[in-house]
Amino acid sequence: MPELRSICVYAGSNAGRLPAYALAAAALGELLARRGIHVVYGGGDIGLMGVVADAALAAGGQVTGIIPRTLMRREVGHRGLTELIVVETMHERKHEMARRADAFVALPGGIGTVEELVEALTWTQLGVHRKPCALLDAGGYWTPFVGFLDHAVAEGFLPERHRAMLVTADTPEGVLAAIERWEPPEVERWLDPEQA
Ligand code: AMP
C-alpha cells in the first residue's frame, strides 16, 4: 500500500442504537488525526458523520467535507472544518470524495453509507481505482453484511478474489493495519479514473 495520506470515511447520518457506534466513530477520527491522515467525508454535522469530524478536529486533524448544496440544510453542513466543499450533485460528491482519498473506511450507517461503500468497492473490482475499502465493524454492526457477501461467494456471484478486497476489523487500529497490509486484486486492466 503506498503512503496513506488521506482516508475517506463513510458514516451514518444517524448515530444508531448502540453507544459503541459513536465511540468507534470518535476513536477513528482521533486516530486518523494522531496519525496525520487527512479525513475526507460527506461534510455533515449530524449522526456519526458529525462525530468522526468533530473527533478528528479536536485532536488537531485536517478534515475536508464534501456536500451537495441541496443537503447543506438537511445534513447541517459542518462550519468548523478545515475545508468544506459545496458541490452540485450527489455524483460529484462521491467522485470528489473518492478522488481525494487513498483508502475508504465505512463506519456503521444506513443506505447512503452502504451505497457509497459498495460503489467504492465496485470501482476497485472494475479497476477504476486501486484503493482499499474497510469496514469498521463496531458493535458487530456489519456482521450481517459480511455474511451476505460470503453468501454471494457461495452462490457463485462474487469471485473470492473480489470478496477479499473488502477488509474488516472491529477497532480503528485494526482497520488501519488491515489497510496497510492490503494488496490490490488482479484485474484485467486498470482503467483511467477520469475516463471510467
Ligand atoms: P445514511 O447512511 O443513509 O445515513 O447516509 C450517509 C450519507 O450518505 C449521507 O451524507 C447521505 O447524504 C449520503 N448519501 C446517500 N446516498 C448518496 C448518494 N447516492 N451519493 C452520495 N452520497 C449519498
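Between H95 and W123, the two ring planes are perpendicular [angle over 60°; tilted spans 30° to 60°]. Using bins of under 30°, 30° to 60° and over 60° for the plane-to-plane angle, the ring pair F148/H151 lands in the tilted bin.
Between L176 and L4 there is a side-chain heavy-atom pair separated by less than 4.5 Å. Contact check for I67 versus L84: side-chain heavy atoms found under the 4.5 Å cut-off. Side-chain contact between L121 and M165 is present, with heavy atoms from C-beta onward closer than 4.5 Å. Using a 4.5 Å heavy-atom threshold, the side chains of V105 and C8 count as separate. At least one side-chain heavy atom of I7 sits under 4.5 Å from a side-chain heavy atom of I179. Side-chain contact between F145 and L166 is present, with heavy atoms from C-beta onward closer than 4.5 Å. Counting heavy atoms from C-beta outward, V51 and L23 have side chains that stay 4.5 Å or more apart. Side-chain contact between M90 and L71 is present, with heavy atoms from C-beta onward closer than 4.5 Å.
Summarising the geometry, atom CD belonging to E180 is positioned 10.5 Å from atom CD belonging to E3; distances are rounded to the nearest 0.5 Å. L149 contributes atom CG, which lies 13.0 Å from atom NE2 of H162 (distance to the nearest 0.5 angstrom).
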>> Show, in sequence, the C-alpha distance, side-chain angles and deciding distance for E116 and K94, and conclude whether the salt bridge (Lys or Arg N to Asp or Glu O under 4.0 Å) test is met.
In response: CA-CA 7 Å; E116 291 170 317; K94 282 187 295 187; over 6 Å; no
> Can E88 and R69 be said to form a salt bridge (Lys or Arg N to Asp or Glu O under 4.0 Å), step by step?
Replying inline: CA-CA 6 Å; E88 295 307 319; R69 193 175 305 283; 2.7 Å; yes
>> Let's go through Y10 and Y41 carefully: what are the C-alpha distance in whole Å and the side-chain angles of both, what is the deciding distance for side chain to side chain contact (heavy atoms under 4.5 Å, CB included) to 0.1 Å, and is it a yes or a no?
In response: CA-CA 6 Å; Y10 299 131; Y41 86 115; over 6 Å; no
> For L31 and E173, what are the C-alpha separation, side-chain angles and deciding distance, and is it a side chain to side chain contact (heavy atoms under 4.5 Å, CB included)?
Replying inline: CA-CA 8 Å; L31 180 68; E173 290 79 4; 4.2 Å; yes
>> Could you go through I46 and H78, starting from their C-alpha distance and side-chain angles, then the distance that decides it, and tell me whether this counts as side chain to side chain contact (heavy atoms under 4.5 Å, CB included)?
In response: CA-CA 9 Å; I46 51 175; H78 198 304; over 6 Å; no
> Hey, mind stepping through M72 and V86 against side chain to side chain contact (heavy atoms under 4.5 Å, CB included) and telling me if it holds?
Replying inline: CA-CA 8 Å; M72 273 295 280; V86 181; 4.2 Å; yes
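If you chain together hydrophobic residues whose side chains sit under 4.5 Å apart, V76 and M49 never meet in one group.
At distances below 3.5 Å, not a single donor-acceptor pair connects side-chain atoms of T82 with backbone N or O atoms of Q62. Listed for the H129 side chain is a donor-acceptor partner under 3.5 Å among the backbone atoms of A120. Judged by distance alone, with hydrogens and angles left aside, the side-chain atoms of K131 form no donor-acceptor pair with the main-chain N or O of T124 at under 3.5 Å. When atom types are taken as modelled, the side chain of W190 and the backbone of R130 share no donor-acceptor pair closer than 3.5 angstrom. Under the 3.5 Å distance criterion, the side-chain polar atoms of D137 are left unmatched by any main-chain donor or acceptor of A169.
Listed here is the closest heavy atom pair of L28 and P172: N-CG, 3.7 Å. Residues V40 and S6 come closest through the heavy atom pair CG2-CB, 4.5 Å. The heavy-atom pair separating T64 from E83 by the smallest distance is OG1-OE1, 2.6 Å. Nearest heavy atoms, A138 versus Y21: O-CE2, 3.3 Å. For the pair L48 and P108, the tightest heavy-atom approach, listed with the atom from each and the gap, is CD1-O, 3.3 Å. Across all non-hydrogen atoms, the minimal contact from L135 to V175 is O-CG2, 3.7 Å.
For the pairing with I85, the side-chain contact (heavy atoms from CB on, under 4.5 Å) check across R100, M97, R93 returns one residue only, R100. The residue from L107, V9, V52 that alone fulfils the side-chain contact (heavy atoms from CB on, under 4.5 Å) condition with L136 is L107.
The pair E160-R163 does not meet the salt-bridge criterion, since no charged nitrogen lies less than 4.0 angstrom from a carboxylate oxygen.
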